[in-house]
> 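Let me give you the structure first, and then I'll get to my questions.
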2 protein chains.
Amino acid sequence: MKISAQEEFGLRCLLQLARASAAGESLTLAQIAEREGISVANAGKLMWILNKAGLVRSQRGIKGGYYLARPASEIHLNQVIRVLDGERVDSHCKSYAGVLDACVHTGDCGIRPVIVELHQIVDNALSDITLSQLLDTEANVDAALHQIHITKQRSEQRA
Amino acid sequence: MKISAQEEFGLRCLLQLARASAAGESLTLAQIAEREGISVANAGKLMWILNKAGLVRSQRGIKGGYYLARPASEIHLNQVIRVLDGERVDSHCKSYAGVLDACVHTGDCGIRPVIVELHQIVDNALSDITLSQLLDTEANVDAALHQIHITKQRSEQRA
DNA sequence: GCTAAACCTTACTTTAAAGTCAACTTTCAA
DNA sequence: TTGAAAGTTGACTTTAAAGTAAGGTTTAGC
């Protein structure tokens, strides 16, 4: 139940594009990769996934680049996470061979519905947050980091 | 943002123990492994992690086995997931080299606080569910699976 | 105290995800 | 129309997680 590196970098890239799109600009792969500190190849892979999912659009050729497919206020995090996670149903539970109806533990298994419910809870929480809200959050990063620092100190005191 | 195989099997094993503990019994590794369809070695590894975290206790020697360290009603899922996830802070965000204060994007990064917040949301949702509630859920598995089936159909209609 | 059952621990193997590389195709502008 | 910029795609390499195996240690019962 952790966020993966791919999910994080995907979010970062989208945030880059949200900033650029707000200024009416697009970003090249090289620009995205350089700002996030990842390779151009990796950025290309992420952009390909996001493009295929309809979250971003690209313009080929010279003067080309990537831009958001729709306003940042209309892109919700659950859509982003779902895309970057890959096929959720197939992967989160290997013991069911990827098919909900093929649960080998049927009748003696209270876990399955709970796992589905957990993913639902996460999805709902994420659907409340849009990319534009993330942009707003940036203005308060210092305060937020300070808060995290406090939380960290508390957990250290507990340990 | 998916549940891992280790998390799922860990939950399953705990549920087994919760059932046995309710009857005043303990379970051997062989019993746990056989019922969950995993190897004894793998079950041993999971139990070792849960034991180290204080969620289960073990009795060595002949007539030994595993049992819950405290009542199922006092074991919350967030504790379980946290343990099975490993060190959360160190792993969920590779670009920070494992240290919160060492964020290389400080000042231009609105993602970090959000990631921390997401994990907080998940943690809160999980803290509302106890093992004993899971046991109760088992009685309604069929109804729950039916509900999932409906949800699945809906998502297929959307697609 | 001896033996067998059962847990404990470390190291190894396997496997899937993440990341990289390189060749290809498309597009724009001079 | 031609060359360079930029995106697209599939194959390859790396790396971390998951799973396995084997020997060690503890305990109950005789």
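Proteins get letters first, then strands, A, B, ... in listed order; numbering begins at 1 in each.
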> Over how many whole Å does the gap from A/Phe9 atom CZ to C/dG19 atom C1' extend?
11 Å

> Set out, in order, the CA-CA distance, both residues' side-chain angles and the distance that settles side-chain contact (heavy atoms from CB on, under 4.5 Å) for A/Leu68 and A/Arg57, then state yes or no.
CA-CA 6 Å; A/Leu68 291 186; A/Arg57 288 287 168 244; over 6 Å; no

> Can you confirm whether more than 12 heavy atoms, excluding those of A/Glu34, are under 6.0 Å from its CD atom?
no

> Looking only at the side chain of A/Gln6 (C-beta and beyond, no hydrogens), which of the listed nucleotides C/dA5, D/dT8, C/dA18 gets closest?
C/dA18

> Could you list the residues that satisfy side chain to side chain contact (heavy atoms under 4.5 Å, CB included) with A/Ile49, not counting sequence neighbours?
A/Gln6, A/Val83, A/Leu84

> B/Lys63 NZ to C/dA6 P: how many Å, rounded?
8 Å

> Within the pair B/Thr28 and C/dA6, is there a side-chain N or O less than 4.0 Å away from OP1 or OP2?
no

> Would you mind reading off the distance between B/Leu27 atom CG and C/dA6 atom C1', rounded to a whole angstrom?
13 Å

> Give me the atom names and distance for the closest heavy-atom approach of A/Val40 to A/Ala30.
CG2-CA, 4.2 Å

> With nearest nucleotide decided by heavy atoms, which residue, B/Ala41 or B/Gly61, maps closer to the 5′ end of DNA chain C?
B/Gly61

> Would you say B/Tyr67 reaches C/dC7's phosphate, i.e. side-chain N/O to OP1/OP2 under 4.0 Å?
no

> A side-chain contact here means heavy atoms from C-beta on lying under 4.5 Å apart; do A/Leu46 and A/Ile32 qualify?
no

> Looking at residues at least two apart in the chain, or sitting in another chain, which of them share a side chain to side chain contact (heavy atoms under 4.5 Å, CB included) with A/Ser26?
A/Tyr67

> A/Ile62 CD1 to C/dT25 C1': how many Å, rounded?
16 Å

> Heavy-atom contacts under 4.0 Å between residues 42-60 of chain B and DNA chain C, which residues?
B/Trp48, B/Asn51, B/Ser58, B/Gln59, B/Arg60

> Can you measure A/Leu84 atom CG to C/dA17 atom C1' for me and round it to whole angstrom units?
14 Å

> Between C1' on D/dT14 and CD1 on A/Ile38, what's the gap in Å once rounded to a whole number?
17 Å

> Identify the residue among A/Leu134, A/Thr130, A/Asp128 that makes a side chain to side chain contact (heavy atoms under 4.5 Å, CB included) with A/Leu77.
A/Leu134

> In whole angstrom, give the distance that lies between atom OH of B/Tyr66 and atom P of D/dT27.
14 Å

